[in-house]
There are 2 protein chains.
Amino acid sequence: MDMTDLAQRVSAGERRALARAITLVESGREDHRAQAAELLAALPQDRQAVRIGLSGTPGVGKSTFIESFGMMLIARGLRVAVLAVDPSSSRSGGSILGDKTRMDLLSRETNAFIRPSPSQTHLGGVARRTREAVRLCEAAGFDVVLIETVGVGQSETVVAEMADLFLLLLAPAGGDELQGVKRGIMEMADIILVNKADGDLKPVAVRTCADYSGALRLLRKRAQDPEGYPCAMTVSALEEDGLAEAWERMEALIGWRREQGFWEKTREAQARYWFNEDVKQRLLAQLYHPEARVALAALSDQVAAGEADPSSAAQHFVDGLKG
Amino acid sequence: MDMTDLAQRVSAGERRALARAITLVESGREDHRAQAAELLAALPQDRQAVRIGLSGTPGVGKSTFIESFGMMLIARGLRVAVLAVDPSSSRSGGSILGDKTRMDLLSRETNAFIRPSPSQTHLGGVARRTREAVRLCEAAGFDVVLIETVGVGQSETVVAEMADLFLLLLAPAGGDELQGVKRGIMEMADIILVNKADGDLKPVAVRTCADYSGALRLLRKRAQDPEGYPCAMTVSALEEDGLAEAWERMEALIGWRREQGFWEKTREAQARYWFNEDVKQRLLAQLYHPEARVALAALSDQVAAGEADPSSAAQHFVDGLKG
């Protein structure tokens with residue numbers, strides 16, 4: 001396969017070429033990695049999509065939201081790609097995106113591209129693959145890349161570090177319960193969307209939204225936030241209500257960040273972040289080799305039993321790696 | 001220096017030998033590291049102190065608390081060691097323990113031993129050194145080892161992973177402000193102590209304590225927590241009020257965890273944790289060599305400028321390390 005040719009076809013927006021290119025960057029094979037590096041280097045550097053991170057625990061209506069929100073963007077003439085970061089997909093059988101039928105309309109749109117999370121046990125591996133898939137979607141001319149994740153903690157950090165803005169989708173909740181949302185995730189959110197603001201749940205959604213507005217004010221004030229952000233608002237993905245307003249808020253935030261220079265600065269900082277993470281991953285990858293695992297487990301047992309101190313055991317292991 | 005001899009003198013409780021042994025484990029010199037490993041292996045394995053992690057932001061009266069609490073323990077016939085984890089000490093000129101005069105009474109007690117944080121820029125290095133200092137203090141027959149830290153986030157994790165129980169010291173605060181305490185730190189706390197419950201501040205302290213009692217119920221319920229824990233209570237380090245009650249609560253928690261087997265299980269898990277951390281530290285230590293830093297900085301600039309993608313640049317760097 002000629003990588004210059006594949007890069008050109010991706011850049012021309014050919015869906016089949018894009019899918020093939022993503023399969024390539026997802027591969028762990030050494031020769032595929034080399035080809036992927038060649039492919040990435042051959043892509044145009046001047047195309048930027050709006051990268052939107054989206055998190056929300058199961059049951060908040062994430063598929064319905066992606067479907068409605070994506071269709072709304074497409075109706076405005078935008079091309080939308082949807083990717084996922086789901087570190088558990090290899091075990092549980094896939095993220096919500098594994099089942100495209102749940103996004104029935106969007107999956108049939110020629111201006112939409114949906115790709116489930118790569119199956120990998122290591123979050124670091126999923127991160128690298130998703131990041132490169134984002135780059136491919138940008139090169140293929142998509143205007144918006146939605147990167148969804150499952151709300152389990154570390155995967156949010158991964159998504160936030162590759163997104164221009166971060167959405168948190170929540171369900172209406174009675175009382176002042178915090179819905180098990182980790183505070184760290186709330187701190188990442190630029191916009192909290194309280195979904196299901198329809199029917200009987202509407203008043204609860206409005207109250208939940210007010211609660212989170214208050215919490216957001218306590219949680220964060222960053223230089224990258226203009227007046228009025230982060231913010232919380234209600235939407236109904238089911239009734240397609242509030243989606244246009246949500247997009248307006250996103251556009252306003254993006255516009256402001258571009259003007260202030262934060263957009264570029266954030267992308268630069270993210271690139272540096274991923275470079276550093278990638279270097280660390282590659283150094284730590286030595287620990288996952290089968291022989292290393294056996295040695296680690298045996299030493300760990302000795303340390304737990306008090307037969308060796310952690311530092312000496314570690315020295316012993318690292319010496320073993322070199323030999 | 002003969003390590004068997006030094007280990008014996010530490011075990012006999014000789015303060016000068018203990019200080020010397022800690023200086024040895026704090027050293028970064030290769031030959032000292034080898035001696036330290038020998039020393040640690042020669043220590044008795046059967047002595048266990050109660051390891052208490054203590055966190056609190058500046059201004060909450062941590063030195064006064066350590067002084068009063070430590071003196072109360074000594075009055076009960078216990079021997080008390082105080083160590084610190086302060087990753088900033090090399091820059092700011094030291095943790096509160098750098099200035100022993102703030103613990104005037106305790107520092108003059110023969111049954112107390114106070115040691116400031118080792119000066120190291122890397123938290124991983126501080127962690128290893130403090131952990132080994134804790135082991136030395138246990139071998140020297142101390143009954144309680146207080147490990148204090150500054151409340152800046154990551155250092156709390158370090159302390160919690162080497163402590164049997166974790167205290168969070170807070171100041172009375174009006175309203176429902178969260179005093180800038182990171183939620184992660186609150187989630188680690190077994191007992192929150194609201195200090196300065198004296199004079200005019202007493203009513204505020206009582207209210208603050210009630211607020212945190214409520215917050216704790218929302219935040220955590222672990223298998224290692226019996227009914228009634230985690231808990232919040234008021235103390236006055238200045239008036240030596242509530243300190244005995246605080247110690248009773250700690251003893252009750254420790255007793256329960258010992259009976260249930262959590263004490264040993266936690267220590268085993270901590271040993272495994274530190275072994276794994278130590279292995280990672282040693283692998284990542286390659287990044288801190290001067291030449292590696294130069295190469296990393298140059299590649300990072302290329303990545304930020306979009307001239308190289310993070311993954312290829314990382315591959316390039318790691319290949320360079322091997323060559």
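All values reported here derive from a predicted model rather than from experimental measurement. Here is how names work: the chains are called A, B, and so on, in the same order as the sequence lines, proteins then strands, and each is numbered from 1.
Test Arg129(A), His32(A), Arg115(A) against Glu26(A) for side chain to side chain donor-acceptor pair (under 3.5 Å) and you get one pass: Arg115(A). When each of Arg33(B), Arg131(B), Arg128(B) is checked for a salt bridge (charged side-chain N to carboxylate O under 4.0 Å, His left out) with Asp278(B), only Arg131(B) meets the rule.
Of all the listed residues (Ser300(A), Ala34(A), Ala36(A)), the one sharing the greatest number of non-hydrogen pairs under 4.5 Å with chain B is Ser300(A). When each of Gln270(B), Lys280(B), Glu264(B) is checked for heavy-atom pairs under 4.5 Å with chain A, Lys280(B) comes out on top. The candidate from Gly306(A), Ala269(A), Ala305(A), Ser311(A) with the greatest count of non-hydrogen atom pairs under 4.5 Å with chain B is Ser311(A).
Checked by atom type, the side-chain pair Gln315(B)/Arg282(A) shows a donor-acceptor distance below 3.5 Å.
Only the side chain of Leu40(B) comes within less than 4.5 Å of a heavy atom of chain A; its backbone N, CA, C and O stay farther away. With a 4.5 angstrom heavy-atom cutoff, Gln286(B) touches chain A only via side-chain atoms. Neither the backbone nor the side chain of Glu307(A) comes within less than 4.5 Å of any heavy atom of chain B. For Ala37(B), the parts sitting under 4.5 Å from any heavy atom of chain A are the backbone and the side chain alike. Neither the backbone nor the side chain of Ala41(A) comes within less than 4.5 Å of any heavy atom of chain B. In this structure, chain A has heavy atoms under 4.5 Å from both the backbone and the side chain of Leu296(B). When heavy atoms are compared at a cutoff of 4.5 Å, Arg272(B) approaches chain A by way of both its backbone and its side chain.
In Arg267(B), the CZ atom is crowded: over 12 heavy atoms of neighbouring residues, nucleotides or ligands sit closer than 6.0 Å.
Under the 4.5 Å side-chain criterion, counting only non-hydrogen atoms from C-beta, Leu170(A) is not in contact with Thr208(A). You'll find the side chain of Arg135(B) reaches within 4.5 Å of the side chain of Gln45(B), heavy atoms only. Between Val158(B) and Val126(B) the shortest side-chain heavy-atom distance does not fall below 4.5 Å.
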